Amino acid sequence: MYVLGIETSCDETGIAIYHSEKGLISHLLHSQAEMHSEYGGVVPELASRDHVRRLVPLIRQSLRDSGLQSSDIGGIAYTAGPGLLGALLVGAAVARSLAWTWSVPAVEVHHMEGHLLAPMLEEKPPNFLRGAAGLGHTLLVRVDGIGCYQLLGESLDDAAGEAFDKTAKMLGLGYPGGPLLARLAEQGSAGAYQFPRPMTNRPGLDFSFSGLKTFAMNTLASSGKTAQDKADIARAFEEAVAETIGIKCRRALQQTGLQRLLVAGGVSANRQIRETLTAMTGQMRAEIFFPRLDFCTDNGAMIAYAGWQRLRAGKRERLEFVARPRWPLAELPGIAVAATTSS
């Protein structure tokens with residue numbers, strides 16, 4: 001079965017085609033970063049309008065590049081939430097219209113489940129049936145199978161990626177700020193500033209990064225006079241976030257007794273975070289899995305794969321559809337199929 005995946009949860013239009021036996025066939029992505037950079041962040045209405053412009057041409061290109069016809073598509077998967085309401089509605093409307101026109105089933109996909117399943121697109125995927133701890137979008141979850149998720153911890157305020165972007169803006173960097181802050185941090189001196197590791201001195205697996213962001217702002221106001229000062233602050237901030245995440249992930253593995261860690265979402269592309277978590281799991285003799293860099297950010301490939309898993313389990317949506325700006329991961333039903341890359 002060929003499955004068309006559509007991702008429009010925020011500011012990236014992702015289209016992909018996944019085959020049950022051949023794997024990923026096509027993967028196209030249009031980023032709106034340049035458009036939103038003028039405003040220093042995502043403008044929801046502009047994001048929605050750009051999805052309207054980009055979706056159909058990208059779908060046509062994906063079919064053309066794959067040498068496929070619309071009649072070859074056996075199902076359509078689309079992001080139904082969480083995300084920006086207008087952006088989600090664009091993707092859902094196109095997906096359901098095409099499914100009706102092509103007489104194929106459609107299935108809604110949870111954006112976070114897509115990220116958690118992104119490592120399954122690699123040559124050596126993890127085995128979900130044996131249990132793992134998953135980190136993505138500053139959510140810590142126990143993963144016992146597709147749709148079998150137990151929330152372990154979450155951010156009480158800003159997600160790590162949001163904290164990166166906001167701190168980057170304080171430092172006078174552009175949008176999106178996370179990669180720019182990481183690049184600036186490479187020029188910083190180790191130990192120039194010591195930032196706190198929030199909520200690591202108390203039990204639990206929740207995160208909080210708003211105080212760390214404020215600490216960066218106060219440090220910048222009192223000491224950030226030169227370009228080197230800003231680089232040192234960027235490095236101290238990045239190290240604090242990475243170490244905080246590392247401490248929480250170590251605690252999650254210890255408390256659950258699991259020996260696998262799945263790391264997904266935008267922060268999984270950060271080199272410092274990858275190195276910190278890799279070192280931590282190495283010390284614990286645990287396995288760690290990351291998606292390739294192309295699949296760390298929002299993309300259609302993870303949606304196509306997640307949708308295929310639910311389609312082959314018999315999941316089908318009714319003709320009406322909804323977009324879910326907020327959608328707790330625990331509400332997803334589990335499916336009794338193994339997460340493999342072949343049927």
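Just so you know, these numbers come straight off a predicted model, no measurement behind them.
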Have Tyr2 and Lys22 got a donor and an acceptor in their side chains that come within less than 3.5 Å?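 Distance-only check passes for Tyr2 and Lys22.
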Taking [X] for its side chain and [Y] for its backbone only, find out whether a donor-acceptor pair lies under 3.5 Å.
X      : Y      : answer
Gln150 : Arg142 : no
Glu317 : Glu108 : yes
Lys248 : Gly204 : yes
Asp65  : Ser62  : no
Asp206 : Glu154 : yes
Glu287 : Thr281 : no
His36  : Val43  : yes
Asp165 : Gly177 : yes
Ser20  : Met1   : yes
Ser223 : Leu220 : no

Is [X] atom [atom1] crowded by more than 12 heavy atoms from other residues, nucleotides or ligands, each under 6.0 Å away?
X      : atom1 : result
Arg49  : CZ    : no
Arg292 : CZ    : yes
Lys169 : NZ    : no

Is it the case that the ring center of Phe237 lies less than 6.0 angstrom away from the ring center of Phe215?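 No, the ring centres sit 6.0 Å or more apart.
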Which pairs of donor and acceptor atoms, one on a side chain in residues 79-92, lie under 3.5 Å apart (sequence neighbours left out)?
residue : atom : partner : partner atom : Å
Thr79   : OG1  : Glu7    : OE1          : 2.5

Tell me, which pairs form a ring-ring contact (aromatic ring centres under 6.0 Å, His included) where one or both residues lie in residues 46-80, sequence neighbours left out?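 Residue pairs passing ring-ring contact (aromatic ring centres under 6.0 Å, His included), neighbours aside: none found.
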Measure the acute angle between the ring planes of Phe207 and Phe209, then classify it against the limits of 30° and 60° as parallel, tilted or perpendicular.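 The arrangement is parallel - the two ring planes meet at less than 30°.
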In terms of ring plane angle, is the pair His137 and His111 parallel, tilted or perpendicular, where the classes change at 30° and 60°?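 Aromatic pair His137/His111 classed tilted.
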Do the non-hydrogen side-chain atoms of Thr167 and Leu212 ever get within less than 4.5 Å of each other?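 With C-beta onward as the side chain, the pair stays apart.
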Side-chain heavy atoms under 4.5 Å apart, restricted to Ile/Leu/Val/Met/Phe/Trp/Tyr: what other residues fall into the cluster of Met199, or is it alone?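 Members besides Met199, by chain and number: Leu156.
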